[in-house]
Amino acid sequence: MIYLDNSATTRMDEDVLGAMLPWMRDSYGNASSIHSLGRAARVAVENARTEIASLMNAHPAELIFTSGGTEADNTVLKSMNAESALVRRIVVGATEHHAVLHPAEEMAAHGTDVDIIGVDPDGRVRPDEIARYDQASCLVSIMHANNETGVVQPIAALRERIPSAYIHTDAVQSFGKISVDVKALGVDFATISAHKIHGPKGIGALFIRKGIDFKAHQQGGAQERNRRAGTEAVALIVGFQVAARKAHADMEVRTAHMTSCTTLLRDLLVRTIPDIRFNTPESDVLPHILNVSFLDAEQLDGEAILQAMDIAGVAVSNGSACVSGSQQPSHVLSAMGLSAAEARAAIRFSVSKDTTHDEIHGAVAILAEIVRNMRV
Ligand code: PLP
């Protein structure tokens, strides 16, 4: 299988798994217990918190662990409006992940003021358009980088326009690929997740800037300094730590490699498939994603292309994994101005540190043949 769906998830590294196993087999204590097994688990959790926080230029007390990116996104929006009662209006980008858009829509249905902000043809928000939300009662949630196109959003510029508002950024796709420095970005909240960087699924974290009186959305025990109840997933947290450490230690090498793969992909696609359109711009994008569609999209069935590629041994996606199979045009590409047909027949390639140039050549040859056959 040529796996080019690393935006959806990545293969877990062997040494990540190796670091996790002792915390499931032998050191299975509850980090809240006061006996030695519990204390060992507590030390592991706090070490991981300190290291992951430092990788995003945060203080360990500013990081809470969650069950993943989805929970962290939901938690910020809902707690800030309900439990913490700090904001009355939620502003989200039209190309946000559904983990942000769907809770925002749900909150709107229950009476919260929610505004959805459009994007330019490249998929970027215009900071000037958001300037009107410069109020302490607003939470603006704009992702750091998009999971379908790789487009990086101008978060620091956004902060300059709205110094008084709260800003949350979903950095699930960018963390470990490019710098996510919460101070340089100027954000109050940031979401990250382990399984996009060769870590385990089911673990993520939320940065909550010091000084914000943040109340738990998920209630129960006093874990995470009363900001997220639930027994800490020690093995997953340790796996996240190792994956994050490696992603940052190797960031330059990985970025150069992934960029070489997506550059090769662009070159080969242009040369072998006529009437292809790139939905990923050439600059200010993540190194690992390339989104394409076709000018004669009406003639092509996006799902059929994906299925044919799967049968031929290539795993790609048509955008957000949650949308796949539902035949809905991508909301991201639609917001960028693509027609429904174009947004339906789009393909997202996403590479990883492990992708080879041979795999890229193989995938393009297979796609070219599928499209050629469909066009006759
Ligand atoms: N946000 C973005 C941008 C994503 O790409 C994803 C994963 O698909 C999520 C949030 C959800 O993260 P998780 O799978 O950890 O719940």
Side-chain angles (χ1 to χ4, degrees), residues 3-12 16 52 56 63-78 92-105 119 123-125 141-153 155 167-178 180 185 187 189-207 217-218 228 230 233 236-237 239-241 243-244 247 280 285-291 315-326 328 330-333 335 346 348-352:
Y3 185 76
L4 298 176
D5 198 18
N6 290 280
S7 283
T9 199
T10 54
R11 180 192 182 124
M12 193 159 74
V16 170
I52 297 171
M56 47 197 316
L63 206 69
I64 64 170
F65 288 110
T66 64
S67 64
T70 301
E71 183 193 322
D73 286 347
N74 270 261
T75 295
V76 177
L77 269 58
K78 293 179 179 172
V92 302
T95 61
E96 294 301 301
H97 191 271
H98 283 148
V100 166
L101 275 179
H102 286 170
E105 286 161 6
V119 293
R124 282 182 241 277
V125 296
S141 184
I142 301 292
M143 67 206 315
H144 191 202
N146 187 270
N147 49 297
E148 292 190 32
T149 64
V151 160
V152 176
Q153 297 284 6
I155 303 296
I167 299 183
H168 165 243
T169 197
D170 175 335
V172 166
Q173 289 292 338
S174 55
F175 182 70
K177 315 265 181 29
I178 59 174
V180 177
L185 292 172
V187 294
F189 302 98
T191 292
I192 58 175
S193 178
H195 73 100
K196 311 291 186 181
I197 52 167
H198 306 277
K201 294 168 185 54
I203 187 73
L206 175 63
F207 160 77
H217 173 63
Q218 173 162 309
R228 194 270 188 183
L236 297 177
I237 289 170
F240 191 4
Q241 173 184 19
T280 301
V285 291
L286 293 178
H288 68 296
I289 301 178
L290 186 67
N291 190 306
V316 288
S317 167
N318 61 354
S320 176
C322 330
V323 175
S324 291
S326 68
Q328 293 294 313
S330 147
H331 71 282
V332 174
L333 301 179
R348 175 187 68 180
F349 296 90
S350 48
V351 303
S352 81

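For ligands, and for the atoms within them, numbers begin at 1 and follow the listed sequence. These numbers were taken from a predicted model, which means no experiment stands behind them.
- A donor and an acceptor atom, one from each side chain of T75 and H217, are nowhere located under 3.5 Å apart.
- Closest heavy-atom contact between L236 and G202: CD1-O, 3.6 Å.
- Within the listing of ligand 1, atoms 3 (C) sit less than 4.0 angstrom from a heavy atom of M143.
- Which parts of ligand 1 touch T70 is read off a 4.0 Å heavy-atom cut-off, strictly below it: atoms 11 (C), 12 (O), 13 (P), 16 (O).
- Heavy-atom contacts of G68 reach the following atoms of ligand 1: 15 (O) (cutoff under 4.0 Å).
- Taking every non-hydrogen atom of D73 and a distance limit under 4.0 Å, the qualifying atoms of ligand 1 come out as 1 (N), 10 (C).
- Residues passing the side-chain hydrogen bond (donor to acceptor under 3.5 Å, both in side chains) test with S352: none are found, sequence neighbours excluded.
- E71 pairs by the salt bridge (charged side-chain N to carboxylate O under 4.0 Å, His left out) definition with R228, not counting sequence neighbours.
- Numbered from 1 in the order shown, with element, the atoms of ligand 1 that lie under 4.0 Å from a heavy atom of Q173 read 5 (O).
- Between the T169 side chain and the H144 main chain, a donor and an acceptor come within less than 3.5 Å of each other.
- Taking any N or O of E71, backbone or side chain, none lies under 3.5 Å from an N or O belonging to ligand 1.
- Proximity of a side-chain donor or acceptor of E148 to a complementary backbone N or O of L333 within less than 3.5 Å is not detected.
- For ligand 1, the atoms closer than 4.0 angstrom to any heavy atom of H195 are 13 (P), 14 (O), 15 (O).
- Of the candidates A145, S7, S193, the one placing a heavy atom closest to atom 15 (O) of ligand 1 is S193.
- The closest approach between any non-hydrogen atom of K196 and ligand 1 is below 4.0 Å.
- Heavy-atom contacts of G69 reach the following atoms of ligand 1: 12 (O), 13 (P), 15 (O), 16 (O) (cutoff under 4.0 Å).
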